[in-house]
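Data block below; observations after.
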2 protein chains.
Amino acid sequence: MKTQVKSVEKDKEVLKRAGLKNTPARQAVLSTFGTGCLPLSAEQIYQSLKKKYDLATIYRILNKFERGELIRRINLKGGTGYYELVANHHHHLICQGCGLIEDFSRCGIENMQNAIIRSSKKFNEIKGHSLELHGLCKKCS
Amino acid sequence: MKTQVKSVEKDKEVLKRAGLKNTPARQAVLSTFGTGCLPLSAEQIYQSLKKKYDLATIYRILNKFERGELIRRINLKGGTGYYELVANHHHHLICQGCGLIEDFSRCGIENMQNAIIRSSKKFNEIKGHSLELHGLCKKCS
DNA sequence: TAATTTTTGCAAATAATTTGCATTTAGTTT
DNA sequence: AAACTAAATGCAAATTATTTGCAAAAATTA
């Protein structure tokens, strides 16, 4: 369908802007993130692509994307890395009891970035941030 | 000296409050964090304790401490987990170029927690948060 | 289309973290 | 204080997470 074509075009564009080659594997990873806000691990992407690409390739792509500011690694439970699209900027409330995650978006950090930069001795520029709130969900509290 | 004794007493107290047994290994880990704001990895703690305790033990202690809300895992570069004392609440500016880290503390999140909880459907209570800002240091920008 | 540079697949290496089990230890309990 | 019990530790081994070397395949460039 048309939307499919469009999104491929868009992905191509996205990759080019980030200075990255346009390859099927990269398109596939991008489209796995899709428009959703779900954080994904390398393993999840691998499974979700029906193991069509090598896990090492997924890792390499994620690293490239991270350096290209397309995605950002975030902190969920455990040692596994999760990534989400920088474009879908939002945050998480994480339940310390059961691991439940709820999204929220208005964090107000942008309003403070100027103040933070002004008071910083070593930094010039803030490009983004990651914020997780830890607490208890209604069931666990 | 007296301060040494005091800090051991305090650590004991801290452990008890968290419902954890007071052991030499746990004291040692606590005192490795000390009063500093440095985030530490399991490996760093292991080295810093002159390998006096097993690495597996360090990991077990860190996990206990995390569940007991004594420390919190944070997001630095790479896949390694870093921890810092919850008591030393602060945040990091992380350079995307060279990995340089600068601390800052006034983040203003506390002011927004009420608003966030009110707008949340699933959560009752916020206990803490972790925030990292990504940007470019003066050298890299 | 040939040339050049990157990317991918595969296998293997390395890093990070967890687990099983026997032994020791901390905090009771008698 | 000796005995008791639950939990903590050490050691080795297992998992999990991630990276790397190298040859083959694919993407941009000339």
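Below, read A as the first sequence line, B as the second, and so on, with proteins coming before strands; counting in each chain starts at 1.
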**Request:** Return the 5'-most residue of the pair A:L20, B:L55 with respect to DNA chain C, ranking by each residue's nearest nucleotide.
**Result:** A:L20
**A:V29 and its side chain to side chain contact (heavy atoms under 4.5 Å, CB included) partner, picked from A:Y46, A:F65, A:Y53, A:Y83** = A:F65
**Item:** Short side-chain N/O contact from B:T23 to OP1 or OP2 of D:dA8, under 4.0 Å
**Value:** no
**Asked** Got a sec, which residues hit side chain to side chain donor-acceptor pair (under 3.5 Å) with A:N124, two or more places apart in sequence or on another chain?
**Response** B:S141
**Prompt:** Going by atom types only, do B:H129 and A:H91 share a side-chain donor-acceptor pair under 3.5 Å?
**Reply:** no
**Asked** Is it the case that B:H134 and B:H92 place a side-chain donor and acceptor less than 3.5 Å from each other?
**Response** no
**Prompt:** Heavy-atom contacts under 4.0 Å between residues 59-67 of chain B and DNA chain D, which residues?
**Reply:** B:R60, B:I61, B:K64
**Request:** Could you tell me the separation between the NZ atom of A:K21 and the P atom of D:dT29, rounded to a whole number of Å?
**Result:** 9 Å
**Message:** Keeping A:K138 on the side-chain end and B:K121 on the backbone end, is there a donor-acceptor pair under 3.5 Å?
**Reply:** yes
**From A:T32 atom OG1 to A:L85 atom CG, the distance as rounded to the nearest 0.5 Å** = 10.0 Å
**Request:** Keeping to residues at least two apart or across chains, list the salt bridge (charged side-chain N to carboxylate O under 4.0 Å, His left out) pairs with something in residues 63-75 of chain B.
**Result:** B:E69-B:R72
**Complete:** From CD of B:Q27 across to P of D:dA8 the rounded distance in Å is 14 Å
**Prompt:** Which pairs, with at least one residue in residues 81-109 of chain A and sequence neighbours excluded, count as a salt bridge (charged side-chain N to carboxylate O under 4.0 Å, His left out)?
**Reply:** none
**Message:** Return whichever of B:P24 or B:A56 has its heavy-atom-nearest nucleotide of DNA chain C closer to the 5' end.
**Reply:** B:A56
**Fill in**
Double-helix bend of the helix from C:dT1-D:dA30 to C:dT30-D:dA1, axes at both ends from 5 pairs, round to 10°, gives 40°
**Separation of atom OH in B:Y46 from atom P in D:dC11, rounded to whole Å** = 9 Å
**Prompt:** If you look at every strand shown and take non-hydrogen atoms under 4.0 Å, does B:A42 touch a base, only sugar-phosphate, or nothing?
**Reply:** nothing
**Item:** Stepwise side chain to side chain contact (heavy atoms under 4.5 Å, CB included) test for B:L62 and B:I45
**Value:** CA-CA 10 Å; B:L62 290 174; B:I45 293 168; 3.9 Å; yes
**Fill in**
Contact span of DNA chain C against chain B, any nucleotide atom under 4.0 Å from a heavy atom, 5' to 3', runs C:dA16 to C:dG27
**Request:** First locate atom CD1 of A:I94, then atom CG of A:L133, and finally report the distance between them rounded to the nearest 0.5 Å.
**Result:** 8.5 Å
**Asked** Checking all strands, does B:K52 fall into the base, sugar-phosphate, or nothing category for heavy-atom contacts under 4.0 angstrom?
**Response** sugar-phosphate
**Fill in**
Whole-Å distance, B:I58 CD1 to D:dC11 P, equals 13 Å
**Asked** Which pair of heavy atoms, one from B:A42 and one from B:I58, lies closest together, and at what distance?
**Response** O-CG2, 3.8 Å
